[in-house]
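These values consider heavy atoms only, across backbone and side chains, with no hydrogens, waters or symmetry-generated copies.
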Amino acid sequence: MVIKFQDKQYELISKIKTTGSGAIDIYTACDTAKSTDGTYTAVCVNDMELARKLVPVTTKANTNYTFKDLHTSFNADGRYYVIFSHADGKTLQQAIETGNYNLTERLQLMKNIFAQIFLLNMPECFLYEVLRKDNIVVDEALGIQFNYFFTEVDYYWKVQEKDCMNRVSGLIQELFAKELEQKSSRELMKFARDVEDGRFAYLWDCYVAYDNLYETVLIKNEQQQVKPGRIWWRAWEKLKKMFPKIRAVLAAALILSAAVYLLLTLPNPVMSDNGISFQKIGTLEVK
């Protein structure tokens, strides 16, 4: 199938998937006028009401000029088409599953992901989309490219920067799972905890913090200082996580002990030999 728009002509090569409850079909495509220019991701929106919502974030006029992965968008044959760059190769999901990357390479991978994000300066909804492991493509030199497969299109209108930060946190947890589990790098542990706890208001702040720790962890790794934490260190970390529960238990024990003390020490007139005598109860005289 060939789609024509003005002087452009795209041939749909193969269907990738249908998403958005059948409202969107996604294909790989090529520009027939530029057969050597690689492949594209062609997003075909069949629902024109959905297309109307997508226009503000899928037209060159409304997005930053640095977002070069978006090539064009147009109406044709009663449908709305959006043409993106298409990346072929191993996804980050596949890269993580193989487990072949050492710490230095994984540090570089995360750095390259951040760099590509800010280089493209894409709308937040697409940033949220590409921060999925199966939408990030890694080449042999650890270079990063993104695919735009509209996985969560129904959520696009609600995406905020904090949602993107949650995705970044997930990537950090997966890329450095070994170091975080073994507690072998305090810098990575603190950074991962700060991201997870939402201590960075903006993605740029997160990138600056990562850039600062990158060299430190890299040097320590080269000097073989990144090692699993000792038993006492791991025990201390676990104990710190248990502090809130310990405080609650101690508080409950303190209240209970105070109550028991009061019950045992306060005089009870009923049980005492020196009880209280009443001469009169209401109008009744007690003799």
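- Remark: I172 CD1 to R193 CZ distance equals 13.0 Å, nearest 0.5 Å.
- Atom-to-atom distance recorded for I24:CD1 and T19:OG1 is 6.0 Å, nearest 0.5 angstrom.
- Using a 4.5 Å heavy-atom cutoff, the side chains of T72 and Y81 are not in contact.
- With respect to the salt-bridge test (charged N to carboxylate O, under 4.0 angstrom), the residues K190 and D194 qualify.
- For the pair H71/S85, a side-chain contact is recorded, criterion being any heavy-atom separation below 4.5 Å from C-beta on.
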Checklist entry - What do the steps show when you test V217 against K220 for side-chain contact (heavy atoms from CB on, under 4.5 Å), and what is the final call? => result CA-CA 5 Å; V217 178; K220 284 190 173 183; 5.7 Å; no
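- The salt bridge (Lys or Arg N to Asp or Glu O under 4.0 Å) check on E174 picks up K133, with sequence neighbours excluded.
- Remark: Y101 engages no residue in a ring pair (Phe, Tyr, Trp, His ring centres under 6.0 Å) (not counting sequence neighbours).
- Contact between S169 and V195 at its shortest, heavy atoms only, is CB-CG1, 3.6 Å.
- The CD1 atom of I144 sits 6.0 Å away from the CG atom of N112 when rounded to the nearest 0.5 Å.
- When all heavy atoms are compared, the tightest approach of P56 to N62 is O-CB, 3.1 Å.
- The shortest distance between side-chain heavy atoms of L50 and Y80 does not fall below 4.5 Å.
- Ring-centre distance between Y27 and Y10: not below the 6.0 Å cut-off.
- Between F84 and F67, some side-chain heavy-atom pair lies under the 4.5 Å cut-off.
- With rounding to the nearest 0.5 angstrom, the NZ atom of K90 is 6.5 Å from the CG atom of N100.
- E161 contributes a side-chain N or O that, together with a main-chain N or O of L203, makes up a donor-acceptor pair within less than 3.5 Å.
- Among residues two or more places apart in sequence or in another chain, the ring pair (Phe, Tyr, Trp, His ring centres under 6.0 Å) test is passed with Y210 by F114, F191.
- Residues L92 and I113 form a side-chain contact, since some pair of their non-hydrogen atoms from C-beta on lies under 4.5 Å apart.
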Next on the checklist: Set out, in order, the CA-CA distance, both residues' side-chain angles and the distance that settles side-chain contact (heavy atoms from CB on, under 4.5 Å) for F74 and I3, then state yes or no.
Outcome noted: CA-CA 10 Å; F74 53 85; I3 311 163; 3.5 Å; yes
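- With values rounded to the nearest 0.5 angstrom, I219 atom CD1 is found 6.5 Å from T216 atom OG1.
- Take F118 and apply the ring pair (Phe, Tyr, Trp, His ring centres under 6.0 Å) test, not counting sequence neighbours, and it matches W204, Y207.
- With sequence neighbours excluded, the residues satisfying salt bridge (Lys or Arg N to Asp or Glu O under 4.0 Å) with R132 are D134, E152.
- Shown here are the side-chain hydrogen bond (donor to acceptor under 3.5 Å, both in side chains) partners of Q160, two or more places apart in sequence or in another chain: there are none.
- The main-chain N or O of Q9 is found under 3.5 Å from a side-chain atom of T32 such that the two form a donor-acceptor pair.
- Evaluation of the ring pair (Phe, Tyr, Trp, His ring centres under 6.0 Å) rule for F146 yields no partner, not counting sequence neighbours.
- Taking hydrophobic clusters as Ile, Leu, Val, Met, Phe, Trp and Tyr residues chained together by side-chain heavy-atom distances below 4.5 Å, V137 does not share a cluster with I16.
- Of the candidates L213, L103, T104, L218 forms a side-chain contact (heavy atoms from CB on, under 4.5 Å) with just one, namely T104.
- When all heavy atoms are compared, the tightest approach of I136 to V130 is CG1-O, 3.1 Å.
- Other residues, nucleotides and ligands contribute more than 12 heavy atoms inside 6.0 Å of the NZ atom of K60.
- Considering only residues two or more places apart in sequence or on other chains, D69 meets the salt bridge (Lys or Arg N to Asp or Glu O under 4.0 Å) condition with none of them.
- Across all non-hydrogen atoms, the minimal contact from D163 to K158 is OD2-O, 3.7 Å.
- By the 4.5 Å side-chain criterion applied to Ile, Leu, Val, Met, Phe, Trp and Tyr, Y202 is assigned to no cluster and stands alone.
- Side-chain polar atoms of S73 and T59 form no donor-acceptor pair below 3.5 angstrom.
- Both tests pass for R167 against the ring of Y128: distance under 6.0 Å to the centre and angle within 45° of the axis.
- Using a 4.5 Å cut-off between side-chain heavy atoms of Ile, Leu, Val, Met, Phe, Trp and Tyr, with links allowed through other members, M110 and L188 fall into the same hydrophobic cluster.
- Heavy-atom minimum distance, I13 versus A29: CD1-C, 3.8 Å.
- Residues near L254 contribute nothing to a hydrophobic cluster around it, because no ILVMFWY side-chain heavy atom sits closer than 4.5 Å to its side chain.
- Remark: N135 engages E129 in a side-chain hydrogen bond (donor to acceptor under 3.5 Å, both in side chains) (not counting sequence neighbours).
- Using modelled atom types, no side-chain atom of N147 and backbone atom of F149 make a donor-acceptor pair closer than 3.5 Å.
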Next on the checklist: Test side-chain contact (heavy atoms from CB on, under 4.5 Å) on Q173 and L180; report intermediate values, then the result.
Outcome noted: CA-CA 8 Å; Q173 295 289 338; L180 297 177; 3.4 Å; yes
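- Heavy-atom neighbours of K162 NZ from other residues, nucleotides or ligands within 6.0 Å: at or below the threshold of 12.
- Taking both residues in full, the closest heavy atoms of C164 and E124 are given as SG-O, 3.7 Å, listed atom of the first, atom of the second, then distance.
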Checklist entry - Are L54 and V43 close enough, and set up right, to give a side-chain contact (heavy atoms from CB on, under 4.5 Å), and what steps lead you there? => result CA-CA 11 Å; L54 284 170; V43 179; 5.9 Å; no
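- In this structure, L171 is not a member of the same hydrophobic cluster as V159, with clusters built from ILVMFWY side-chain heavy atoms closer than 4.5 Å.
- Under the 3.5 Å distance criterion, the side-chain polar atoms of R79 are left unmatched by any main-chain donor or acceptor of C44.
- Every residue meeting the salt bridge (Lys or Arg N to Asp or Glu O under 4.0 Å) condition with R52, not counting sequence neighbours, appears here in chain and number order: E49.
- Note that the NZ atom of K111 and the CG atom of D211 stand 3.5 Å from one another [nearest 0.5 Å].
- Taken together through direct or relayed side-chain contacts under 4.5 Å among Ile, Leu, Val, Met, Phe, Trp and Tyr, V208 and Y214 form part of one hydrophobic cluster.
- Note on Y155 and L131: separate hydrophobic clusters, where clusters join Ile, Leu, Val, Met, Phe, Trp and Tyr whose side-chain heavy atoms are under 4.5 Å apart, directly or indirectly.
- Checked by atom type and distance alone, the side chain of S257 pairs as donor or acceptor with a backbone atom of A253 at under 3.5 Å.
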